[in-house]
> 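Below is one structure. I have some questions about it.
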Amino acid sequence: MPETPTLHPETQTHLAAFQRGAVDLIDEVELSTLISAALHAGRPLRVKFGMDPSSPDLHLGHAIPLMTLRDLQALGHCIVLIVGDATAMVGDPSGRNKLRPVLTREQVEANLVTYTDQAARVLDMSKTEVRRNSEWFDGMGFEDLLQLTTRMTVSQMLERDLFRRRMEQSEPIGINEFLYPLMQGWDSVEVDCDVELGGTDQLFNLLVGRRLQEQKGQRAQCVRTHTLIDGLDGRKMSKSYGNAVGLMDSARDMTFGVMRLDDTLMGIWFAHLTRVPAEEVARLLAGHPREAKARLAFEVTAFFHSAEDAEAAAGAFDREVRDKALPEDLPEHSWAGDWGQSLALPNLIAKLGLAPSTSEARRLIKQGAVRLDGEVASDPTSSLAEPDSAVLLQVGKKRFARILPR
RNA sequence: GGGGGAAUACUCAAGCGGCCAACGAGGCCAGACUGUAAAUCUGGCGGCCACGCCUUCGCAGGUUCGAAUCCUGCUUCCCCCA
């Protein structure tokens, strides 16, 4: 980013908060003017951020913009969180090549609660303005809707690469999906937005806001996009890929999760999810990757939990994974009455939930993944007799159970 | 309104009427190796009272000794023309 030496230092500080981690910043000059004007007038900027009410489980990918919003909040700006309850009934086409399922109002409300609970781990919700866009869309009549649609043409819509791609691949595009960018843009008009934040996949939608505001005679909002963070394995982070670390995860899960991160992604994670100074990050990355990652895991975990919890989790990781010791809180199961004198090993494993089916359990046994008191049990036809003392059953590296006598 | 296509396991995607629990890829699981990963190598991925049995290829029927493969109807989607 080119420094602009003529800026007032305070303006510079505020601008830096927007710049940090930004991919697109439209337009930087506009924004710095806006900032200094706001500072001068002693008014906060209205920074809009739309939540996606269709996926209530937040993960670290979602934390990236929230961290920025947090910084802005600390600088005194006003965060306007838009709950797209009206848009949710349209279905956001972003990032999906398929039509999205449409949500009901009830689902949206339920998701909103979960969402804000989670966002509160990063943001000060008491200082956050939460608006539902049904506030203005519910009252809109058919004529107003038509008016809205006249503001853009089909070819303008098709500029969006996602739509174009879907056209080319003969995949369906619902007419309602064209409404989505318009609605999102209209939100900006309604809340008199100064700056809108969104993922890089949102750029098109964000720019529609500029267009609509100008058409309505408002000052066009500035737009700032952030990286969509990759998941642990480099693919887009998503719960459905199982490569995500959730914001509500326990300190332990968070630490263990981050430690699974691909080495090459550590730099990005440091930059976006921690506020460790850049020089220090560089130093860490130059050192042993394991140390760097341990630090990353600590920073992230400590932020969402506490330094103590993070340390404890790090300790557990070292013991259990590095030193291959047993976890401290092994699930314990007593020998059940209806298991008889002895039970076939595959069935036992399935009953304890260590494998989804006896068939799967058999495979695991054949592959040498199962240990009884540390001894590999590789015969799927073997069975375990009711024990007189605790027996340790291990399936793979992560699944354990202690079987106790009745 | 007319015409032409498509529906297969988590995803993508093969599949001559028998040799199909169904090629392949991704993904996932396990083992080895490691710095926790990644990469690499190996094996596996419907279920069960398990050398056998049962249920799968959009849904419902039918033809056949035998169907994911043929026929009929239905449902959903896509494309083209109007």
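The figures here come from the full heavy-atom set of this structure, side chains too, leaving out hydrogens, waters and symmetry mates.
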> Atom CG of Leu343(A) and atom P of C48(B): how far apart are they, to the nearest Å?
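So the CG-P distance, Leu343(A) to C48(B), works out to 13 Å.
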> Within a strict 4.5 Å, meaning less than it, do heavy atoms of the Arg121(A) and Met248(A) side chains meet?
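They are in side-chain contact.
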> How many Å lie between CG on Leu285(A) and C1' on G35(B), as a whole number?
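Checked: the CG to C1' distance equals 15 Å.
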> Side chain of His288(A) only, heavy atoms from C-beta on: which candidate in C49(B), G35(B), A38(B) is closest?
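Ranking C49(B), G35(B), A38(B) by closest atom to the His288(A) side chain puts G35(B) first.
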> Might you work through the side chain to side chain donor-acceptor pair (under 3.5 Å) test for Asp187(A) and Gln184(A), ending with a clear yes or no?
CA-CA 5 Å; Asp187(A) 292 342; Gln184(A) 184 170 336; over 6 Å; no
> What is the distance, rounded to the nearest whole Å, between atom NZ of Lys293(A) and atom C1' of G35(B)?
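Rounded to the whole Å, the gap is 8 Å.
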> Between Asp263(A) and Pro346(A), name the one whose nearest nucleotide on RNA chain B is closer to the 5' end.
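Final value for this comparison: Asp263(A).
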> Is G66(B) paired to anything, Watson-Crick or G-U wobble with both distances less than 3.5 Å, and if yes, which nucleotide?
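When the pairing criteria are applied, nothing turns out to pair with G66(B), so the answer is none.
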> Check every strand shown and say whether Phe317(A) touches a base, only sugar-phosphate, or nothing at a heavy-atom separation below 4.0 Å.
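Since only primed, P, OP1 and OP2 atoms lie under 4.0 Å of Phe317(A), the category is sugar-phosphate.
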> Please report, rounded to the nearest Å, how far the P atom of A37(B) is from the CZ atom of Arg322(A).
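The distance from CZ of Arg322(A) to P of A37(B) comes to 13 Å, rounded to the nearest Å.
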> Within the 4.0 Å heavy-atom criterion, would you say Asp318(A) contacts the bases, only the backbone, or no part of the nucleic acid?
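Result for Asp318(A) = nothing.
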> Could Arg295(A) and Phe298(A) be counted as a cation-pi pair, given that NZ or CZ must be under 6.0 Å from the ring centre and within 45° of the axis?
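No, Arg295(A) and Phe298(A) do not form such a contact.
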> Return the value, rounded to whole Å, for the distance between atom CD of Gln394(A) and atom C1' of G31(B).
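That distance rounds to 13 Å.
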> With a 4.0 Å heavy-atom cut-off, tell me which residues in residues 348-372 of chain A come close to RNA chain B, sorted by residue number.
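Heavy-atom contacts with RNA chain B come from Ser357(A), Thr358(A), Ser359(A), Arg362(A), Arg363(A), Leu364(A), Gln367(A), Gly368(A), Ala369(A).
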> Is any side-chain N or O of Lys398(A) closer than 4.0 Å to OP1 or OP2 of C29(B)?
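For C29(B), OP1/OP2 do not have a side-chain N/O of Lys398(A) under 4.0 Å.
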> Would you please test Gln213(A) and Arg219(A) for side chain to side chain donor-acceptor pair (under 3.5 Å) and show each step?
CA-CA 6 Å; Gln213(A) 282 177 310; Arg219(A) 173 182 11 75; over 6 Å; no
> We want to know whether Gln341(A) and Glu386(A) form a side-chain donor-acceptor pair, criterion being a heavy-atom distance below 3.5 angstrom.
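The answer is no; no qualifying pair exists.
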> Closer than 4.0 Å, any side-chain N/O of Arg399(A) to the OP1 or OP2 of C29(B)?
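False: Arg399(A) side-chain N/O out of range (4.0 Å or more) of C29(B) OP1/OP2.
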> Give a yes/no verdict on a cation-pi contact between Arg20(A) and Phe18(A), requiring under 6.0 Å between NZ or CZ and the six-membered ring centre and an angle within 45° of the axis.
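No, Arg20(A) does not lie over the aromatic ring of Phe18(A).
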